[in-house]
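Presented below is the structure to which this report refers.
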Amino acid sequence: MSQKLLQFVSVEKAMPEKRRAAERRHDFQEIYGDFRPEKAEQQAARCSQCGIPYCQIHCPLSNNIPDWLMLTAAGRLEEAYEVSSATNSMPEVCGRICPQDRLCEGNCVIEKGFESVSIGSVEKFITENAFKNGWVKPPTPSRELPQSVGIIGAGPAGLAAAEMLRRRGYRVDIYDRYDRVGGLLVYGIPNFKLEKQVVARRHALLAEGGIAFHLNTAVGRDVSLAELRQRHDALLVATGVYKARDMSCPGIGLGNIVPALDYLTASNRKGLGDKVPAIESGALDAAGKHVVVVGGGDTAMDCVRTAVRQGAKSVRCLYRRDRKNMPGSQREVQHAEEEGVEFIWLAAPEAFLGDGTVRAVRALRMHLGIADSTGRQVPQPVEGSHFELEADLVIMALGFDPEDMPVMFGTPELETTRWGTIKVDHRSMMTSVDGVFAAGDIVRGASLVVWGIRDGRDAAEQMHRYIDAKLAASRAVAAD
Ligand SMILES: Cc1cc2nc3c(=O)[nH]c(=O)nc-3n(C[C@H](O)[C@H](O)[C@H](O)COP(=O)(O)OP(=O)(O)OC[C@H]3O[C@@H](n4cnc5c(N)ncnc54)[C@H](O)[C@@H]3O)c2cc1C
Ligand code: SF4
């Protein structure tokens with residue numbers, strides 16, 4: 001039934017039903033249910049259709065949010081899907097895992113005292129409803145082009161680029177060193193935020209549209225970048241960032257101190273039904289353990305919540321800044337607290353104690369000092385403030401750096417920045433190697449899915465222009 005807009009004055013913000021913490025602590029299923037159509041329409045109708053849509057401005061994809069909210073409120077759900085999917089290659093993923101509190105919803109301007117529209121949940125509803133009704137179609141092109149493109153990396157950036165290029169008619173081959181499609185959507189982000197069948201459904205759709213996937217294929221090991229340049233008219237590098245940051249600290253080499261991504265990948269693989277020896281041996285299983293996670297980003301939040309679900313005896317998160325200054329989403333902290341995680345703000349490890357394997361973390365209290373050149377206050381240790389935390393599994397979630405890409409690809413002419421990310425011309429998105437483009441985390445550094453999608457879509461457009469220009473140049477030479 002059609003709803004009048006501007007309902008924020010009388011209708012409160014609502015999210016889809018959230019499962020109780022006591023229940024969700026014991027499984028890896030998503031924590032939110034789905035909106036019923038009437039509820040989604042009612043929530044969409046809270047939009048004020050303001051003159052300057054700050055939600056759209058702060059969405060990395062510039063999603064036309066007010067329009068698809070209006071169409072949803074009017075019950076015109078197929079059109080809402082058309083508008084929402086016109087700018088987003090995976091709205092069902094962004095609706096679930098974008099940090100909306102920092103992006104679209106955090107910038108919603110309905111008057112003070114009223115909460116924002118639940119944009120992410122409506123976006124998820126629109127796309128799930130479209131899948132149910134068969135409105136989501138594979139990217140089958142209306143005409144086939146003879147040119148082909150190669151994409152290295154099947155994460156959000158690579159998949160978004162692949163979809164756009166395939167729709168234009170290019171032959172598209174994706175190479176990935178993993179055995180499944182999705183990159184961090186599959187092996188980083190846990191099931192309770194994004195169920196794996198959601199990613200598998202996208203994979204199936206892209207494959208149905210004619211995109212060829214070459215899995216278990218590491219570029220630089222199984223095939224060289226030079227060979228791929230011969231094979232394709234243009235290449236995209238969308239390989240993400242995977243080198244775990246470390247810290248130097250006494251006792252860091254003790255057993256049972258593990259990198260976050262190894263821990264999360266093992267848990268995700270187990271959930272997917274794979275045999276995971278490190279879980280079977282207990283090395284990457286938190287069951288029955290006192291767990292300390294070091295870090296305050298999304299990865300740390302995923303680790304603490306995974307440890308709870310594996311049946312840890314206690315789970316603590318140690319972060320050197322305060323809650324207000326953490327990089328992870330506030331919403332995730334709230335979920336973790338509900339699930340029983342204890343946060344120890346303004347504290348950092350000083351040493352790991354144990355004999356062969358870790359038995360405790362000795363930590364120091366911190367305070368926030370003056371800001372550095374980036375504008376962030378620098379944490380300073382508080383003298384004599386040591387304390388110990390019992391720990392028989394420590395998970396290090398300190399962020400990620402790029403691998404050495406020129407060495408990995410055997411391409412010394414591939415220029416990188418001082419952070420090791422791939423250098424691109426920001427207008428053409430081309431690297432220092434002709435016809436090789438780059439997008440996603442490998443250009444930005446560790447970022448967000450929605451930025452990966454944006455970059456992948458932009459890179460696809462630039463690759464198309466490059467191929468077109470080369471074709472026009474060769475036609476001009478032939479005509480001479
Ligand atoms: C634990 C965790 C939780 C996160 N949670 C969120 C969240 O809640 N919300 C959010 O928006 N973002 C989140 N992020 C960030 C998000 O996952 C990334 O920003 C996003 O996946 C980057 O996309 P990408 O395509 O650039 O790279 P990736 O997703 O990393 O994909 C890169 C792909 O390239 C492949 N590859 C790498 N090297 C090679 C090679 N040599 N040959 C072939 N293939 C190769 C990899 O196997 C991988 O499949 C999280 C990240 C982590 C680690
Ligand atoms: S893509 Fe992310 S930021 Fe953009 S509207 Fe959807 S949830 Fe909000």
Side-chain angles (χ1 to χ4, degrees), residues 55-56 58-65 68-69 84 87-108 117-124 126-127 151-161 174-190 193-194 214-223 225 228 236-242 244 260-261 263-265 268 297-303 306 328-329 331-332 397 399-400 402-403 405 408-409 438-456:
C55 55
Q56 178 169 13
H58 287 270
C59 166
L61 290 160
S62 299
N63 277 346
N64 200 342
I65 302 163
W68 46 255
L69 288 175
S84 128
T87 50
N88 192 349
S89 308
M90 289 181 226
E92 74 285 17
V93 172
C94 293
R96 284 172 163 90
I97 61 166
C98 268
Q100 287 101 6
D101 47 354
R102 282 192 267 140
L103 301 172
C104 52
E105 293 181 21
N107 290 280
C108 172
V117 177
S118 23
I119 298 171
S121 307
V122 176
E123 188 177 28
K124 173 186 161 194
I126 293 171
T127 321
I151 293 177
I152 309 169
L159 296 179
I174 304 192
Y175 305 87
D176 201 291
R177 63 186 176 188
Y178 275 147
D179 53 347
R180 289 187 176 90
V181 165
L184 289 174
L185 298 181
V186 168
Y187 287 130
I189 297 168
K193 276 166 57 182
L194 175 66
H214 309 269
L215 300 179
N216 298 306
T217 307
V219 176
R221 182 192 67 194
D222 303 315
V223 56
L225 191 82
L228 292 185
L236 178 69
V237 181
T239 46
V241 289
Y242 283 87
L261 200 54
Y263 174 69
L264 292 173
T265 304
N268 277 320
D298 281 331
T299 305
M301 297 309 105
D302 291 350
C303 290
T306 297
S329 153
R331 205 167 56 187
E332 294 298 311
F400 302 95
E403 293 154 275
M405 300 311 291
M408 184 199 273
F409 287 160
D441 279 6
I442 193 56
V443 175
R444 277 178 191 277
S447 178
L448 293 173
V449 169
V450 64
W451 278 115
I453 294 173
R454 169 67 196 260
D455 293 347

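For ligands, and for the atoms within them, numbers begin at 1 and follow the listed sequence. The figures here come from the full heavy-atom set of this structure, side chains too, leaving out hydrogens, waters and symmetry mates.
- For ligand 1, the polar-atom distance check finds no N/O of A439 at less than 3.5 Å from any of the ligand's N/O atoms.
- Close N/O approach between C98 and ligand 1 is not found [any backbone or side-chain N/O within under 3.5 Å].
- Of all atoms in ligand 1, numbered sequentially from 1 with element shown, those under 4.0 Å from a heavy atom of A157 are 25 (O), 26 (O).
- Each of the atoms 41 (N) of ligand 1 lies under 4.0 Å from some heavy atom of M408.
- In this model, no donor atom of one side chain and acceptor atom of the other lie less than 3.5 Å apart for D302 and Y263.
- The shortest contact between atom 27 (O) of ligand 1 and any protein heavy atom is with G240 CA, 3.5 Å.
- V449 CG2, 3.7 Å is the protein heavy atom nearest to atom 16 (C) of ligand 1.
- A donor-acceptor pair under 3.5 Å links the side-chain atoms of D441 to the main chain of S447, judged by distance alone.
- Within the 4.0 Å heavy-atom cutoff, W451 does not count among the residues contacting ligand 1.
- Nearest heavy-atom pair across V219 and Y175 is CG2-CB, 4.1 Å.
- Here the closest non-hydrogen pair linking I174 and G153 is CG2-O, 3.9 Å.
- Heavy atoms from both the backbone and the side chain of P156 come within less than 4.0 Å of ligand 1.
- When heavy-atom distances to ligand 1 are checked against a 4.0 Å cut-off, F400 comes that close only through its side chain, counted from C-beta outward.
- The nearest heavy-atom contact from the protein to atom 3 (C) of ligand 1 is D302 OD2, 3.0 Å.
- Note: an N/O pair closer than 3.5 Å links D176 and ligand 1 by distance alone.
- Among the atoms of E403, none of the N or O lies under 3.5 angstrom from an N or O of ligand 1.
- What sits closest to atom 37 (C) of ligand 1 on the protein, heavy atoms only, is T239 O, 3.2 Å.
- Taking a cut-off of under 4.0 Å to the non-hydrogen atoms of G153, the atoms of ligand 1 that pass are 33 (C), 34 (O), 35 (C).
- Looking at V450 next to ligand 1, no N or O pair under 3.5 Å apart turns up.
- Remark: ligand 1 and L184 share an N or O pair separated by less than 3.5 Å (distance only, no angle test).
- The shortest contact between atom 28 (P) of ligand 1 and any protein heavy atom is with Y242 OH, 3.6 Å.
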Derivation of the side chain to side chain donor-acceptor pair (under 3.5 Å) call for T217 and D222: CA-CA 6 Å; T217 307; D222 303 315; 5.2 Å; no
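- Contact annotation for D455 and ligand 1: no heavy atom of the residue comes within less than 4.0 Å of the ligand.
- In this structure, the separation between CG on L184 and CG on L194 is 11.5 Å, given to the nearest 0.5 Å.
- Protein heavy atom closest to atom 52 (C) of ligand 1, with residue, atom name and distance, is T299 OG1, 3.7 Å.
- Considering backbone and side-chain atoms together, K193 places an N or O closer than 3.5 Å to an N or O of ligand 1.
- Given atom 44 (N) of ligand 1, the protein heavy atom at minimum distance is R177 N, 3.1 Å.
- Both the backbone and the side chain of V219 come within 4.0 Å of ligand 1, counting heavy atoms alone.
- Taking 4.0 Å as the cut-off, A218 counts as a neighbour of ligand 1 on heavy-atom distance.
- Below the 2.8 Å limit, atom 4 (Fe) of ligand 2 has as protein N, O or S neighbours C59 SG.
- Atoms of ligand 1 lying under 4.0 Å from at least one heavy atom of G440, given by number and element, are 26 (O).
- From the protein, the heavy atom lying nearest to atom 15 (C) of ligand 1 is S447 O, 3.2 Å.
- When the heavy-atom distances from atom 9 (N) of ligand 1 to L264, L194, I97 are ranked, the shortest goes to I97.
- Looking at N268, its side chain does come within 3.5 Å of a backbone N or O of Y187 through a donor-acceptor pair.
- Here SG of C94 is found 12.0 Å from CH2 of W451. Values are rounded to the nearest 0.5 Å.
- Heavy-atom proximity to G183, at under 4.0 Å, picks out these atoms of ligand 1: 29 (O), 31 (O), 48 (C), 49 (O).
- Atoms of ligand 1 lying under 4.0 Å from any heavy atom of L448, numbered from 1 in the order shown and given with element: 10 (C), 11 (O), 12 (N), 19 (O).
- Numbered from 1 in the order shown, with element, the atoms of ligand 1 that lie under 4.0 Å from a heavy atom of A238 read 32 (C), 33 (C), 34 (O).
- To the nearest 0.5 angstrom, C59 atom SG is 7.0 Å from E123 atom CD.
- In this structure, the separation between CD on Q100 and CG on N107 is 12.0 Å, given to the nearest 0.5 Å.
- Atom-to-atom distance recorded for C104:SG and I65:CD1 is 5.0 Å, nearest 0.5 angstrom.
- Distance check, rounded to the nearest 0.5 Å: CZ of R96 to CD1 of I189 gives 12.0 Å.
- Counting heavy atoms closer than 4.0 Å to ligand 1, residue L159 contributes nothing at all.
- Ligand 1 places these atoms under 4.0 Å from at least one heavy atom of T217: 42 (N), 43 (C).
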